[in-house]
Amino acid sequence: MEKGLRKLGVLAFLFGLVALLAACGTSDDGDSDSATEDGDYDLEEAYTVVSDNSFVPFEFVEDGELVGFDIELIKAIAEEAGFAIENDEIETTNFDGIIPGLQTGQFEIAIAGMSITEERAEVIDFSDPYYESGIAIGVLSDRDDINGLEDLDGKTVATRLGTTSGNYLREHVPGAEINEYEQMDQVYLAVENGSADAVMYDLPNIEYYIATEGNGRLKVVGDLYQAEDYGIGITAGNEDLVAAINDALATLKENGTYDEIYNKWFGDAEGDNGEEAEED
Ligand code: GLN
């Protein structure tokens, strides 16, 4: 027992020595690792990254592969900041499982079109905002009785579990029946088959859905009801990781990588994604 302990002590000492030498090495040789450019962050080699599984065009599965704006952005951030994504694979879960997963440490980083809110910021950390968004209403294209929030009173509104839209509806349209689903395809199906009168959700998601799979069957009505910024979620207490992610994000915005990814998923034509969110 004692011998074992001593062995452990020696091992720990050696390990510390190696770590010390390694640390000296990186700060002295001025290598080109971009993570050390703006600040020396104490990072792990790899982090567990999680995303949502049905939020077009930020993250969704196409031909068995997880693709989208967020997916490309977080890969670019990891590369720029100098950390790997654990198992080289981004995990996915239902949106309402993401924050609890970050809290328990099951996941360390989440990118999921997640809106920065005060409530969430009490239990997890957020990166700087990376996308300006907001929530809107969608209805069947041939419907003309719902033209804004005030028309949702007494109606059935579909949205997604655990998201800002559900909370917004509970607060602002107490007279609506709110049906919350795990998945966005269930939400859109509910509107299309008439079991819900409207969807309330993130505008870029509704717009992208209408332009692709939704094939014009829905339309957006009313205003942008709540401007929201998306942020990357990080398990609380990882200040260096937050700082490294913010640095990397700023670099990608400066060097054109962010724009490249943005244009691929949203097109140059749409211009600044924040335009509409600023109006109200
Ligand atoms: N932006 C919304 C929220 O944070 C929805 C995100 C999502 O469904 N992936 O609540």
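Atoms within each ligand, like the ligands themselves, are counted from 1 in listed order. Both backbone and side-chain heavy atoms feed into the values below; hydrogens, waters and symmetry mates do not.
In terms of polar-atom proximity, defined here as any N/O pair under 3.5 Å, Met114 makes no such contact with ligand 1. Considering backbone and side-chain atoms together, Glu59 places no N or O closer than 3.5 Å to any N or O of ligand 1.
Near Tyr230, the atoms of ligand 1 lying under 4.0 angstrom from a non-hydrogen atom of the residue are 1 (N). Of all the atoms in ligand 1, the ones that sit under 4.0 Å from a non-hydrogen atom of Ala112 are 6 (C), 7 (C), 9 (N). Ligand 1 places these atoms under 4.0 Å from at least one heavy atom of Asp52: 7 (C), 8 (O), 9 (N).
Looking only at atom types and distance, the side chain of Thr164 has no donor-acceptor partner in the side chain of Gln226 under 3.5 Å away. In the model, Asp70 has no side-chain atom that pairs as donor or acceptor with a side-chain atom of Tyr131 under 3.5 Å. At a cut-off of 3.5 Å, with distance as the only test, a side-chain donor of Tyr230 or Asp202 sits close to an acceptor on the other residue.
Of the heavy atoms in Thr163, both backbone and side-chain atoms come closer than 4.0 Å to ligand 1. The backbone and the side chain of Thr164 each have at least one atom closer than 4.0 Å to an atom of ligand 1 (non-hydrogen atoms only). When non-hydrogen atoms are compared, ligand 1 lies under 4.0 Å from the side chain of Arg120 (C-beta onward) but not from its backbone.
In this pair, Phe55 and Tyr201 present their aromatic rings perpendicular. The plane angle is above 60°, beyond the 30 to 60° band.
For Phe69 and Tyr258, the gap between ring centers is short of 6.0 Å. In this structure, the ring of Phe58 has its center less than 6.0 angstrom from the ring center of Phe266.
For atom 1 (N) of ligand 1, the closest heavy atom belonging to the protein is Asp202 OD2, 2.6 Å. Remark: minimum distance from atom 8 (O) of ligand 1 to any protein heavy atom is reached at Tyr201 OH, 2.1 Å. Shortest contact from atom 6 (C) of ligand 1 to any protein heavy atom: Gly113 O, 3.2 Å.
Taking 4.0 Å as the cut-off between side-chain N and carboxylate O, Arg143 and Asp151 do not count as a salt-bridged pair.
Residue contact check for ligand 1: Met184 places no non-hydrogen atom closer than 4.0 Å to it.
For Asp88, the CG atom sits in a loose shell: 12 or fewer heavy atoms of surrounding residues, nucleotides or ligands are nearer than 6.0 Å.
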